Q: 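Quick one: the structure is below, and I'll ask about it shortly.
Since the structure is predicted, the reported quantities are computational estimates derived from the model, not experimental observations. All chains are named by letter (A, B, ...) in the order of the sequence lines, taking the proteins before the strands, and each is independently numbered beginning at 1.
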2 protein chains.
Amino acid sequence: MKQSTPAAEDYLKTIYGHTEWQPNLITPSVLAARLGIAPSSVTEMVKKLAAAGLLHHVPYGPLMLTPAGLRAATAVVRRHRLIETWLVRDMGFHWDEVHEEAEVLEHSISDRLLDAMDARLGHPAHDPHGDPIPDANGAVAREPAILLAQATAGHSGRVLRISDKDSAILRDLATDSIGPGSALTVVEALTVVEPLTVRLPDGQIRQLSPAAAELIWVSA
Amino acid sequence: MKQSTPAAEDYLKTIYGHTEWQPNLITPSVLAARLGIAPSSVTEMVKKLAAAGLLHHVPYGPLMLTPAGLRAATAVVRRHRLIETWLVRDMGFHWDEVHEEAEVLEHSISDRLLDAMDARLGHPAHDPHGDPIPDANGAVAREPAILLAQATAGHSGRVLRISDKDSAILRDLATDSIGPGSALTVVEALTVVEPLTVRLPDGQIRQLSPAAAELIWVSA
DNA sequence: TAAGGGCTTTCGGCACGCCTAAATCTTGGC
DNA sequence: GCCAAGATTTAGGCGTGCCGAAAGCCCTTA
């Protein structure tokens, strides 16, 4: 199996990411949207990945990682998350600034350097956004979580992860002192007309936009 | 001027590297050999770099960096050498293991991360091989140096730099306790039939192969 | 000074990864 | 049960960066 290119790694990582927190099959058009490329480009790459044994794909059907594809995907995710953790812990980056840098470096660093980072950081289990870091064998320790947007009033829990898709929202949350590990209780659930309201441990009340509530996962 | 690609950066860096220690003009075929690619590929890229104002080139003539090309080249060299320094000082790499990693990362890391490394390392002036690290403005502090292969018997000086081209030789030198900063005196100059002999400060005598003597630069 | 050898360049090709436009397939709604 | 909207795939193209083969230039040597 020939060594994957950065583009192929991005496809696999994105397919993996789609099913990490919600068990949905991904379709070519959704993948294209996530990668910001044309659907026809996806068709081509999918053919190559399927030929390489990394993807199952029946024409006009959804995409599924094979065991080999899953291994390759978790390896990339491991790189990404270790790099993010390193950027925050060692290099003075904020957790809302690391995504783009990791997006590039995940395709560049050697296994040797990755191992050195991992050891230096003490084999961390979670990245700065709370996402679990797969171990060197690809095993992922995932905790049951629910999306804050779907939590009902009265739900109490810790913030397990906050998606790093939108760094503006990450910055707002940071100024609101909400981050991975924060305890909170839902005061008012999200509705079509009302923002979500949560109470922090110190009694403070925060209102969260629907967009923010869609990015935050709390313990069940 | 549009942003350079990794390939273009490699061309500029290599052209710069050719004249850094010996003031020779580089020709397309030499550049091709250094990059490990076909001469015809060099012709193409040279045309692009010349069009971008980074290179002077008259057909069938040698290659010269323009001021803009020199700036671009020193920026890449700065990245390369800071990364090497960081790998050795922070990540536990040996000085003979850093070249390949830096070769890749120099094209990937952001200015933000580069600045963080630079600050963390205390703005180092030299990399692990003794090569000067250009500052953020591209200025390079270079000390007069002569190649050990050309030093005459009796010459005394410090090792200023050891080219990182051949990591096997770097490893041998490390076991011989010869590295940047080492003081040494030439006992017997290199000849066609004799290896070079040097004395270390503790009185120990070392014989160096012609290949090694061609990589080591000492203070004049 | 003319020829030949060594560089350099030109030319046609290829792999990759992307695009748009035009087929083609699938499926939900009537 | 059919049909059209929407998703997917095919077809043809483009830019980048590489290749080998062939043509062209330069210059040394006889």
Q: With no hydrogens and no angle check, just 3.5 Å: does a side-chain donor-acceptor pair link B:E9 and B:S4?
A: no

Q: When you measure only distances, ignoring hydrogens and angles, does the side chain of B:S40 come within 3.5 Å of the base of D:dG20 through a donor and an acceptor?
A: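 Result: at least one qualifying N/O pair found.
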
Q: What is the separation between atom NZ on A:K47 and atom P on C:dC18, rounded to the nearest whole Å?
A: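 Between P of C:dC18 and NZ of A:K47: 15 Å.
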
Q: With a non-hydrogen cut-off below 4.0 angstrom, is A:S29 in contact with a base, only sugar-phosphate, or nothing?
A: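 Sugar-phosphate contact only.
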
Q: Mind calculating the distance between CE (B:M45) and P (C:dT8) to the nearest angstrom?
A: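 The answer, rounded to whole Å, is 17 Å.
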
Q: Using a 4.0 Å heavy-atom cut-off, does A:A38 contact any base of the nucleic acid, only the sugar-phosphate backbone, or nothing at all?
A: base

Q: Are A:H80 and A:D127 linked by a side-chain donor-acceptor pair shorter than 3.5 Å?
A: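 Note: A:H80 and A:D127 side chains miss the donor-acceptor criterion.
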
Q: Pick the closest DNA chain C nucleotide for A:I37 and for B:Y60 by heavy atoms, then say which residue is nearer the 5' end.
A: B:Y60

Q: For the pair made of CZ in A:R34 and C1' in D:dA7, what is the distance, rounded to whole Å?
A: 18 Å

Q: If every non-hydrogen atom of B:A7 is compared with every non-hydrogen atom of B:M45, which pair is closest and at what distance?
A: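 Closest approach of B:A7 to B:M45, heavy atoms only: CB-CE, 3.7 Å.
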
Q: Starting from C1' on C:dG17, measure out to CD on A:E9 and report it in whole angstrom.
A: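 Going from A:E9 (CD) to C:dG17 (C1'), I get 15 Å.
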
Q: Atom CG of A:L49 and atom C1' of C:dG17: how far apart are they, to the nearest Å?
A: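 After rounding, the reported distance stands at 12 Å.
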
Q: Got B:L63 and B:T27 here, is their nearest side-chain heavy-atom distance under 4.5 Å?
A: no

Q: Any carboxylate oxygen within less than 4.0 angstrom of a Lys/Arg side-chain nitrogen, looking at B:E106 and B:R81?
A: no

Q: Between A:P59 and A:A7, which residue's closest nucleotide on DNA chain C lies nearer the 5′ terminus?
A: A:A7

Q: Would you say B:K48 places a side-chain N or O within less than 4.0 Å of OP1 or OP2 belonging to D:dG17?
A: yes

Q: To the nearest Å, give me how far apart CG (A:D10) and C1' (C:dC16) are.
A: 14 Å

Q: I want to check one thing: is the phosphate of C:dC7, taken as OP1 and OP2, less than 4.0 Å away from some side-chain N or O of B:T27?
A: no

Q: Would you kindly give the CG-to-P distance between A:L31 and D:dT8, to the nearest whole Å?
A: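 Taking atom P of D:dT8 as the reference, CG of A:L31 is at 10 Å.
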
Q: Classify B:P39 by what it touches in the nucleic acid, base, sugar-phosphate, or nothing, heavy-atom distance under 4.0 Å.
A: base

Q: If you go through the side-chain atoms of A:E44, does one of them form a donor-acceptor pair with the base of C:dC16 closer than 3.5 Å?
A: no

Q: Rounded off to whole Å, could you give me the CG-to-P distance for the B:L25 and C:dT8 pair?
A: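 My rounded result for the distance is 12 Å.
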
Q: Should B:Y11 be listed as having a side-chain N or O under 4.0 Å from OP1 or OP2 of D:dC18?
A: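 Checking B:Y11 against D:dC18: at least one side-chain N or O falls below 4.0 Å of OP1 or OP2.
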
Q: For C:dC19, does either OP1 or OP2 sit under 4.0 Å from a side-chain N or O belonging to A:S41?
A: yes

